[in-house]
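Reading through the structure tokens given below for one structure.
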Amino acid sequence: MNTKPIPAIIMLTAGFVTCIIGIVQHDDFGVFVKKLFLILIAFYLLGCIVKLVLDKGFLVMDDPLSDYEGLELEEDLMDEMVMTDDTYQDDFRDM
């Protein structure tokens, strides 16, 4: 999963909410800028933590067969593993 934009999305959402609250409360410009700056930094760090947690969570959920992608099987072994139509039909009839 692409988690790269998560910190930016969280930070910008918090900044948008801060702007709306600052407009409604008629904050002074200097106070508003300081609040916005601190909130953007805090929520960017929070977004980075969320991204790390999600990356670790999805790392656990990786495909277990991906470990065997680069391995090559011997042709004799592959020939033994091939299922013929008769074998397939026999397995299907047993059900």
Side-chain angles (χ1 to χ4, degrees):
M1 178 177 178
N2 186 13
T3 58
K4 186 177 179 181
I6 288 177
I9 291 170
I10 291 174
M11 177 185 71
L12 290 174
T13 304
F16 178 72
V17 171
T18 304
C19 288
I20 298 298
I21 292 172
I23 291 170
V24 169
Q25 292 182 350
H26 302 289
D27 282 344
D28 199 28
F29 183 71
V31 174
F32 170 72
V33 171
K34 287 178 187 175
K35 278 187 202 176
L36 181 63
F37 182 69
L38 292 174
I39 286 174
L40 289 178
I41 290 174
F43 276 89
Y44 180 75
L45 294 174
L46 180 69
C48 289
I49 292 170
V50 169
K51 179 186 178 300
L52 289 173
V53 169
L54 287 176
D55 286 342
K56 285 196 179 227
F58 283 111
L59 183 64
V60 170
M61 293 176 51
D62 278 345
D63 183 22
L65 297 179
S66 63
D67 297 337
Y68 301 105
E69 283 180 3
L71 298 177
E72 294 185 21
L73 295 174
E74 296 178 15
E75 290 184 27
D76 296 334
L77 181 60
M78 288 178 64
D79 290 339
E80 291 177 16
M81 294 173 61
V82 172
M83 183 179 283
T84 62
D85 289 337
D86 296 333
T87 309
Y88 177 75
Q89 292 298 329
D90 290 341
D91 288 344
F92 187 69
R93 287 184 195 135
D94 289 341
M95 297 175 117

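The model shown is predicted, which means the values in this text are computed figures rather than measured ones. Just the heavy atoms: all of them, side chains too, but no hydrogens, waters or symmetry mates, feed the values below.
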Inset, instruction - Count the heavy atoms belonging to other residues, nucleotides or ligands that lie under 6.0 Å from OH of Tyr44, then report whether that count exceeds 12. - result: no
Inset, instruction - Tell me whether Leu40 is reachable from Phe37 by hopping between hydrophobic residues (I, L, V, M, F, W, Y) whose side-chain heavy atoms are closer than 4.5 Å. - result: no
Legend entry - Taking every non-hydrogen atom, the tightest pair across Ala14 and Ile39: CB-CG2, 4.0 Å
Legend entry - Straight-line distance of Met11 CE to Ile41 CD1, nearest 0.5 Å: 10.0 Å
Legend entry - Joint hydrophobic cluster, Leu46 plus Leu12, side-chain heavy atoms closer than 4.5 Å: no
Inset, instruction - Please report the shortest heavy-atom distance between Gln25 and Lys35, naming the atom on each side. - result: OE1-NZ, 4.1 Å
Inset, instruction - Apply the side chain to side chain contact (heavy atoms under 4.5 Å, CB included) test between Thr3 and each candidate in Val50, Asp55, Leu52; give the one that qualifies. - result: Asp55
Inset, instruction - Taking all heavy atoms of Phe32 and all of Asp27, pick out the closest pair and write down the distance. - result: CB-CB, 4.1 Å
Inset, instruction - Check Gly47 against Ile10 and note the closest heavy-atom contact, atom names and distance. - result: CA-CD1, 3.8 Å
Inset, instruction - Report whether Ile20 and Val31 are members of the same hydrophobic cluster (ILVMFWY, side-chain heavy atoms less than 4.5 Å apart, transitive linking). - result: no
Legend entry - side chain to side chain contact (heavy atoms under 4.5 Å, CB included) partner of Ile21, the single match among Ile23, Val17, Val24: Val17
